[in-house]
Each structure stands twice: as C-alpha cells, then as structure tokens.
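Remarks on the structure that follows.
Only heavy atoms go into these numbers, but all of them, side chains included; no hydrogens, no water, no symmetry mates. Note that this is a predicted model, so its numbers are computed, not measured. Starting from 1, each residue takes its place in the sequence as its number.
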Amino acid sequence: MSDARRTDAVLMRPETAVHQPEAIALYTRAGYLPIPNCPPYQHKSPSRCYAKPLPLPAARSADREELTAFLTDQGLSPQDVLAPGTLYWLTRDTAGPAMAAGLERQGHRVLLRSVAVRADLRGCGAARRLVEHVLAEAAARGGRTAYLFSTGAGPFWERLGFRPVPVAEAAEALSDAPQVRRYRETGALADEAAWRRDLADAGASSPPPASRGRFTAEAPHTTPAAGR
C-alpha cells in the first residue's frame with residue numbers, strides 16, 4: 001500500500017487465486033471489491049482481482065508539462081489545461097502518468113473533460129471508477145449537474161448515468177467555461193454531442209476521501225474522451 005501511495009496510484013489492485021480463501025477474505029474485510037481480471041491475469045481463470053480506490057491527487061501548476069504531454073499522447077487536446085477556475089487530477093504509477101481528468105465549473109454546474117486512462121490500465125473498469133471519483137468530488141464542492149461533450153462514446157456515458165441533451169443547453173449552462181468559450185470561437189460546437197448527469201440523482205453525493213477546497217485560479221481523454 002505504501003508503494004501505491006508514493007506513486008499516486010488511483011487504485012490498489014491486488015491479485016490472488018481461488019485456492020487462497022484467506023487472502024480473499026482479507027481483501028474483502030479491508031474494503032476491496034472484485035473486478036474483472038486485469039493484465040496480465042485476464043486469461044488466468046484461477047486468478048481473482050480486487051480494487052480499492054485511493055484519493056485522487058490534484059494536479060498543480062508544476063504538473064502542467066507532464067499533464068499536457070499525457071493528454072496529447074492519449075489523443076486529447078491539452079488546451080486550457082489548468083486554466084484559472086479549473087481543477088485537474090493526474091495519477092501516476094511506476095510506469096509514469098496513468099489517468100487524468102478535469103473539471104470546469106460555473107455555479108452549481110460542472111463540465112467534465114480530459115478523461116484519459118493509459119492503454120494498459122483499460123478493461124478493468126478504471127475509467128468508470130475515475131469518473132465516479134471526479135463526480136463525487138464535484139458534488140462535494142457544490143456541483144449539482146455535470147455536463148460533457150463526447151461524440152464517440154455514448155454507450156459508455158449512458159452506462160454512467162449520463163443522458164444526451166442539446167448542445168445549446170450545455171453551452172448555455174457553462175457559457176464561461178474555457179472549453180465552451182473555445183468551442184464557440186472555433187465553431188466546434190456544431191460538431192459536438194452533449195451529455196448531462198444530475199449528480200444528486202446519480203449517486204455522486206458521497207465524496208471520496210480526497211482533498212477538499214474550492215476551485216481556485218491556480219487549481220492545482222484513450223478511454224472514452226470527454227471534452228477533447
């Protein structure tokens with residue numbers, strides 16, 4: 001566990017086997033939940049994988065270069081990353097940057113963007129857990145409604161409780177958000193699809209054990225991309 005915390009991992013992911021009931025009982029008592037077998041155990045039927053979320057580390061100005069490079073590598077635009085009024089998270093493990101996500105806020109509404117999970121971490125529900133962490137953090141900071149723009153991952157977002165809404169609704173609700181302003185300037189809104197999730201109704205009202213605080217000027221996408 002200490003190694004995971006030093007590397008800013010978003011999840012503790014132990015592996016054991018069906019013939020080790022003591023280990024399974026230990027993980028269960030400690031709050032770990034079963035997940036699909038992760039690499040390199042995905043084809044090993046005796047294996048059993050578990051996961052337990054850890055606090056998400058907020059990205060700081062010193063992380064800008066690394067966060068920008070990671071999002072670019074995942075095919076996402078790094079524009080407006082860590083702009084005033086935004087909040088980003090960046091997790092790392094021994095292989096380097098692992099996951100990232102960002103929020104832009106206007107009143108009680110938030111815009112989810114820059115959701116990225118490194119290729120070798122996909123397929124185990126990591127993206128879903130990352131998004132749930134971020135939305136719970138948004139709710140803990142007073143967010144009531146979350147929006148995002150995504151044209152190619154509708155089924156994923158629907159499984160997470162998002163529903164399609166008119167692009168104009170999202171753009172009006174978050175008219176001052178950096179991403180919306182940029183989309184207006186470039187004319188990109190016409191090619192976007194918008195999604196909405198009401199946080200209180202979607203079970204994101206319980207905050208994760210992460211840092212608290214308000215969005216600040218210096219606060220601090222590939223998995224289904226939100227807000228390219």
Side-chain angles (χ1 to χ4, degrees), residues 8-12 31-33 35 51-60 63 67 80-91 98-117 125-150 153-167 169-180 193-221 223-227:
D8 290 340
V10 69
L11 295 171
M12 289 284 287
Y32 289 84
L33 299 175
I35 61 172
K52 182 177 182 179
L54 294 177
L56 286 178
R60 307 291 179 180
D63 301 316
L67 178 57
D80 302 319
V81 165
L82 292 176
T86 67
L87 183 62
Y88 279 79
W89 292 267
L90 176 64
T91 73
M99 303 183 190
L103 284 177
E104 299 174 0
R105 181 174 178 180
Q106 184 173 328
H108 295 295
R109 300 174 293 276
V110 298
L111 182 66
L112 177 65
R113 60 166 302 184
S114 303
V115 176
V117 176
R128 176 182 58 79
R129 286 185 288 271
L130 173 65
V131 171
E132 292 293 356
H133 264 65
V134 171
L135 294 183
E137 182 69 17
R141 294 167 184 262
R144 296 177 184 171
T145 307
Y147 289 92
L148 62 89
F149 296 107
S150 177
F156 173 81
W157 298 115
E158 288 180 331
R159 288 194 297 271
L160 288 181
F162 284 86
R163 58 183 175 85
V165 296
V167 170
E169 176 185 327
E172 181 178 356
L174 290 142
S175 57
D176 290 333
Q179 187 183 41
V180 172
W195 302 81
R196 169 178 172 166
R197 171 169 158 174
D198 297 320
L199 299 184
D201 294 339
S205 57
S206 299
S211 58
R212 293 289 170 262
R214 305 177 68 179
F215 280 41
T216 64
E218 221 17 78
H221 221 331
T223 304

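Judged as a side chain to side chain contact (heavy atoms under 4.5 Å, CB included), and not counting sequence neighbours, the contacts of A146 are V110, L135, F162, L199. Partners of R196 under the salt bridge (Lys or Arg N to Asp or Glu O under 4.0 Å) rule, at least two apart in sequence or in another chain, are E169, D198.
In terms of modelled atom types and a separation under 3.5 Å, the side chain of E104 and the main chain of L111 share no donor-acceptor contact. A side-chain donor-acceptor contact under 3.5 Å links R105 to the backbone of G107. Panel note: side chain H108, backbone T145; no donor-acceptor pair is recorded below 3.5 Å.
Taking a 6.0 Å sphere around CD of E158, one finds it holds more than 12 heavy atoms contributed by other residues, nucleotides or ligands.
Of all heavy-atom pairs between Y88 and D80, the closest is OH-O, 4.1 Å. Listed here is the closest heavy atom pair of D63 and A58: OD2-O, 4.3 Å. The minimum heavy-atom distance linking A100 with L90 is given by the pair CB-CD1, 4.2 Å. Nearest approach of A177 to Q106, heavy atoms of both residues: N-OE1, 3.9 Å. Nearest heavy-atom pair across V134 and A101 is CG2-CB, 3.7 Å. The two atoms that bring P178 and A83 nearest to each other are CG-CB, 4.3 Å, heavy atoms only.
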| task | Decide side chain to side chain contact (heavy atoms under 4.5 Å, CB included) for W195 and R163; before the verdict, give the C-alpha distance in whole Å, the side-chain angles of both, and the deciding distance to 0.1 Å. | result | CA-CA 5 Å; W195 302 81; R163 58 183 175 85; 5.6 Å; no
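The OG atom of S114 sits 10.0 Å away from the CG atom of L103 when rounded to the nearest 0.5 Å. Atom CZ of F149 is separated from atom CZ of R113 by 10.5 Å, given to the nearest 0.5 angstrom.
Inter-residue side-chain proximity for V117 and L130 is flagged as met; some heavy-atom pair is nearer than 4.5 Å.
Between R141 and E137 there is a salt bridge, since a side-chain N of the basic residue sits under 4.0 Å from a carboxylate O of the acidic one.
Residues W157 and S150 bring a donor and an acceptor atom of their side chains to less than 3.5 Å of each other.
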